Every structure is written in structure tokens, then in C-alpha cells.
There are 2 protein chains.
Amino acid sequence: MKRKITLKQIAETLNVSIATVSKALKDSHEISVKTKAIIKKYAAEHNYRPNTVALNLLNRQTKTIAVILPTFHNNFFVKIFNGIEETANKKGYKLIVIISNGELKKEVESIAMLENGTVDGLLISLSEESQSQQYSQHLQSFIDIAGPIVMFDRVSDAITCDKIIIDDFNCAYNATVHLIKTGCKNIAIVSVLHDLGIVKDRISGYKKALEDHNIPINDKLIKLIKKEYDFETEIKTLLDYTTIDAIIGLEEFSTIETMVIAQSRGYKIPEELSFVGYTNGNLYKYVTPSVTCINQHANYIGKKATEKLIARIEEKETDTTAFETKVIKTNLIYRNSTRKL
Amino acid sequence: MKRKITLKQIAETLNVSIATVSKALKDSHEISVKTKAIIKKYAAEHNYRPNTVALNLLNRQTKTIAVILPTFHNNFFVKIFNGIEETANKKGYKLIVIISNGELKKEVESIAMLENGTVDGLLISLSEESQSQQYSQHLQSFIDIAGPIVMFDRVSDAITCDKIIIDDFNCAYNATVHLIKTGCKNIAIVSVLHDLGIVKDRISGYKKALEDHNIPINDKLIKLIKKEYDFETEIKTLLDYTTIDAIIGLEEFSTIETMVIAQSRGYKIPEELSFVGYTNGNLYKYVTPSVTCINQHANYIGKKATEKLIARIEEKETDTTAFETKVIKTNLIYRNSTRKL
DNA sequence: ATGAAAGCGCTAACAC
DNA sequence: GTGTTAGCGCTTTCAT
């Protein structure tokens, strides 16, 4: 790689001042047509590119946003990221991407790395650990010294900032009601997530739906399976426990895995056992039977989060509006893992 | 957000010079223990963080790598990215991520944005358009003025740089041989990719396998379906055309979609029709029957590409080693969409 | 032990 | 029209 060419070098070879070069390349009217032509020609021939780092230093902004996601092995986050990418790109922002893998340590270390002017703001969906351990001072620290944060989906109440979430309560409620209406009475919940706020909300929505339809709540039907436990064993225990006629999976993996296990045990789906899964995932469409699911409009979440963050970054200090939590509506996509109404 | 605190401000309030503060915070022996203590205390209390942008300017490096991928809606690239992320992180590099969506325009624009000191190097898997249009001057331009490039999977012969690829020829060859050995004779190829080098290699491998087993080659069995055409119609045309007993799908989507269409037409899989798919994708495991596939060791590709790039970035100008193309071995994962040997 | 000065690459206000 | 100067935040060499 050749050494990058700078204004200074151009100025020296052309025997003009740096300022003249700078102005000429900006097509300033202050500079004579002739000088501009010479300078521009030289710059073009030598592939001059203004050094962004220098400009960042000068402007005290980087036009870069950090994005911290738990994983990409989840269609929901991939779609959110697509929404983020499109929006950021349109507004001229670059993205620094970090995968937390659900680990608080990674989250904390990454944020520390970014707290020094590298980025103008942060989009984050919290790691499960940071929620279970209720640790959030790294986030507050970022806000204090680095810039605005917008949280999405997996958010923390401890931090005051803009948030984009889905109405987890209502969509669990609606999913449960749908199952009840199609004749299900023993509805279980299955999840590999546990310590997240969204999990609590979903369970509340589910319970409320049961209550409203006078169906007794049985906590044993709620299986939040931790990493330490064997998923298959837990599911078999659940299926052995009592007659279950419907299962709500809180993410794609649990839903599909449970369905596969149930099928291998001879359950007829949806005749004997109905399934509703969270996230409009790829798998749902292709497995047999295809799975009724909750569409969270992930792309839109990404878009809204990014728009909000950029607005915050660019807002005048004076017109700071109050932080808001935006709730994105969800809807059910009806497929063949639930009975027809 | 409070205004970030700087060395200058610390120096002013503490009535020392900026240099003293800088040295004190680096625990330099030049500074008296007492002064150091005062400065460190103040800095800690005020959450001082050195400004990375200023340091980047000074050091002429950003410890940031750009990653350009066609999409994340493809398990292969998600896994590659995981490999990249882990490796980059371990070495203290940040990642700027760009999704090209297969569009040359996005690729060119993004690279132009990065050509000015924003990143130290570039990891890229080319967009389909840049391969079909054989356009690569944006890449050469990046190498000339911005830093090293390492290409992976979808690479260009026109550019001299390090490359990490899989042995597409051999793995298509092996997949085809496996099908032949399990008794298939009319083997078709289905793909939504077409103008990529990897597609040509895969087809060559497939043809060589047929030749070696004295099976006539019929180009009508190779369906590279462009976006403009309806996938389902094309597949039906193929199935109507002649008796096909095996299909190789060049990516996850084509494989799964074709299998679903074949099943809806009553084909028994693998008894009447076998399937082998590229990429060790999520769907393959969960559909019925599960799909035999080619494992490309995506994570490893990401790891190797990143290691190579960082080595290039950090190498002394003197010990420049020749550019190399590393070929990653693949293997078949046997599942239920192919007959047993 | 502390500080002044130069410089990384650039822009902008202000001379000339 | 063109150049000088100062400064963005930092490090480092070279005084003092």
C-alpha cells in the first residue's frame, strides 16, 4: 500500500498553502479557476481522499453507531439488523457490530472500548446475563460520557433512554386466546430464555388469557429451560407430566425442537397438539407442519431504533425531548401447526 | 451527555501542563508519585477516557476492520461472521459491517466511504453483481490507498490479494459421487446463484464426477434460476422434463424450496429423489427428511480470513510475504435425504 | 520533575 | 485570491 496522500503533500509539490488546497478541493469561490484546476487535477491523479479520522477529530463526531446484539443465529436479530443497516446507511452512518453472545463480560468490555469517541451512539439489545444480574452501570457510563443509547427488545428498566419493544404481554395474550378458541385447554410454554424481561411479560400475557377464559394456571406447564439442563429430557418430562394440547415456544429453537420431539413420540399436530412460536423465523415456514407464529416486525424495530438514535445524536442540546418507549405491534401468522378457527 | 473530559481540561484545573497529565496517566516514572496520585484521582473521578479518534490520527491506524457480506439471511455467512468476530475481538479489532445485498452499487459506495483511513483493512465476500459484471476497480483502489484486503468464498481473480476459499470443485465432485454410489443416475443442479465463480467450480466438479462414472452430461439438468424467473415454475419445468432421481442444491434456499415442491408433487425422498444441499444450514436439520449437506466449515473460514488480514495489517513493510489462496476442506454430513450406501 | 513545542490531517476565521 | 494561524486531543522529544 502506498502512503496515503495528504493536503500537505499536495501543497508542497504545488507550492501553495494547505488552506488553498483545502479550499480548491471544496471548489471554493475564493480560489482562482486556474489554481483550482491544477490542484483538482493533481488530487484526482494521485487519488486524494480526505482523511476521515482527522475530520472526525475536528467535528467531534464519527458518523458511526455501535450495534450490540446477542446473536445472529436468530432470524429475529438478523431482521432487526437489516432494518438498522438500511436506515443507518441511508443517513450516512457506519455500523460497528458486536455480538455479545448473551455474555455480560463481552458487553461490558465492548462498551468500554467504545466509550471514547469511537462512536456517536449505541443500539443495544441486552445480553441475558446483564438482565439476570441486573447490571447496568456500563450502560449508564456510556450515556454519561459517550452518547445516546437506544435499546430494543431486550431492555432494562434501570436505564433512562429511548426504547423500542414489542407488546410482549399482548401478543402472548393473543396467541393464548387463539389456542383457546381453537379448542386447547392445557397450554404449555417452552423457552430456553428465562431471565429476560420479555419472558416475564410473555408469561403474564399468557396467564391473563387463561384467567380471562377461566382456565386454571399451572406453573408446571411453564418450562424455562436453562443451558445446564438437557432440552430433550425436560420436554419429555413435560409431555409425560400431563395431557398437553398446545405449546407456545418463546423462540424459534424451542418451538421447533419441541415439535420434533413431540412428533417422534407420535403426536399428531395440530390435531392432538398445537404449536405457536415466537418470531417469524425461516424454519417455521419449511417444517412440517408449518408453524403458526408471532410476527414481531423485526425489520421495523431496527428501523425505528436507528431513526430514534440518529435523531438523538443530531438533536440540538436545547430541544431534548423526553425519552420514549415505543411499542411495536405484533400479529399472528396462521399456519398449519394450529387448528383452524 | 456531558462534554467529554480531555487532558487539557484536567491540566487547566490542576494547574499542570497537558504533557504532565498525559505522562501521569501512563504512570510514567518522569512524574512524581505525588503529582501522579493527584492527577489519577481526578481523572478517575471525572471518568476520563483517552479519545480514540485523536489516537487514531496520531498512530495512523484505527484497529478497525471493515466486513462486507452479501447477506446475513444465510447461515453460511452468519457462521463466517462469528468466526470473524471472535478472532477480531481477540486481537483487539473492531468491525464495521456492511451488507451488500449482492448489489455492486452498495459495495462500491461503501468501499468509497471507507477508503480514507476509517479502517485498517477489509474482509469481503463479493456481491454477485461485482462478479457478473467483472468490476473490481473499487477493490484495487482500496488496496492502493487504504489497506490490505482478504477475500473469502466469493473471490475475484482480477485482484491480487489473500483469499480463503473452499474447494468447490472437489466438494461438488464428492457430493455427486455420493449420489451416484447410492444409485442415482439423473442428477440435477438447482441454484438461485449463477454468475459466481463458485457456481462454475461446483458445476465443473459435478460434471467431472459424471464423466468419471460414464454418465452423460445434460446441461438441461442444471437450473441456475435468476431472480426474474419464478422459482416454482422453473422447478416444475425441470421435474416435468425428465425422470430425475437426485438434486444438488447450491444453497440452502434452493435445496429446501425444491424439496418442498417435489414433496407436494408426491415424490418420495430419498427413495425416488435424493437431495444434497450446500451449506450446513439450520433448516436442513429440521425439515423432513433431514437433508444431507456439504459442511463448509464457515466459522473456520472467518477465522482464517481475519487472522490473515490482521497479519497483513500488522506486518512490517519489509517482510511482505507473497499473497496466498487458502483452500478450506469440506465434508459431507449424511442425513436422510439421500439413500444409505 | 515538569513543561514547551511539534505534529498527526484537516478546516475556518482572519489576515494580506 | 492566497496564506497564516489556531485548534480538534493526544503523544513524544527535547528543553528547563
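Note that the coordinates shown come from a computational prediction; the quantities given were computed from them, not determined experimentally. Numbers restart at 1 for each chain; the letters A, B, ... are given by sequence-line order, proteins then strands.
- Between B:F81 and B:F72, the ring planes are perpendicular. Angles over 60° get that label, and only those under 30° would be called parallel.
- Heavy atoms from other residues, nucleotides or ligands lying under 6.0 Å from CG of B:N59 number more than 12.
- Not one side-chain nitrogen or oxygen of B:S22 sits closer than 4.0 Å to the OP1 or OP2 atom of D:dC10.
- Comparing the local axis fitted to the first five base pairs of the helix from C:dA1-D:dT16 to C:dC16-D:dG1 with the one fitted to its last five gives a bend of 60°, rounded to 10°.
- Here C:dC8 presents its P atom at 15 Å from CD1 of A:I5, a figure rounded to the nearest Å.
- Look at A:T20 and you'll find a side-chain N or O under 4.0 angstrom from OP1 or OP2 of D:dG3.
- Shown here for A:A43 and A:L25, the closest heavy-atom pair between the two residues is CB-CD2, 3.6 Å.
- Within 4.0 Å (heavy atoms only), A:K23 reaches at least one base atom of the nucleic acid.
- Contacts of residues 31-43 of chain A with DNA chain D (heavy atom under 4.0 Å): A:I31, A:S32, A:T35.
- In this structure, B:D162 contributes its side chain and B:E324 its backbone to a donor-acceptor pair below 3.5 Å.
- Each of A:L69, A:T71, A:D153 was evaluated against A:F76; a single residue qualifies, A:D153, per the side chain to side chain contact (heavy atoms under 4.5 Å, CB included) test.
- Atom CG in B:L57 sits roughly 9 Å away from atom P in C:dC8 (whole-Å rounding).
- Taking atom CD1 of B:I18 as the reference point, atom P of C:dC8 lies 18 Å away to the nearest angstrom.
- Mapped onto DNA chain D by nearest heavy atom, A:A19 and A:H29 fall at different nucleotides, with A:H29 at the one closer to the 5' end.
- For A:K26, no side-chain nitrogen or oxygen approaches OP1 or OP2 of C:dC10 to under 4.0 Å.
- Between A:L7 atom CG and D:dT4 atom C1' the separation is 16 Å, expressed in whole Å.
- For B:E86 and B:K90, the salt-bridge test fails: no basic side-chain N is under 4.0 Å from an acidic carboxylate O.
- B:L58 comes within 4.0 angstrom of a nucleotide base, judged by non-hydrogen atoms across all strands.
- With the nearest nucleotide of DNA chain C identified for both B:A54 and B:E30, B:E30 has the one nearer the 5' end.
- At a threshold of 4.0 angstrom between heavy atoms, the contacts of A:V16 are confined to the sugar-phosphate backbone, with no base atom among them.
- At least one side-chain nitrogen or oxygen of B:R60 sits closer than 4.0 Å to the OP1 or OP2 atom of C:dG9.
- Between B:K106 and B:E109, no side-chain nitrogen of the basic residue sits less than 4.0 Å from a carboxylate oxygen of the acidic one, so the salt-bridge criterion is not met.
- To the nearest 0.5 angstrom, A:R49 atom CZ is 11.5 Å from B:F142 atom CZ.
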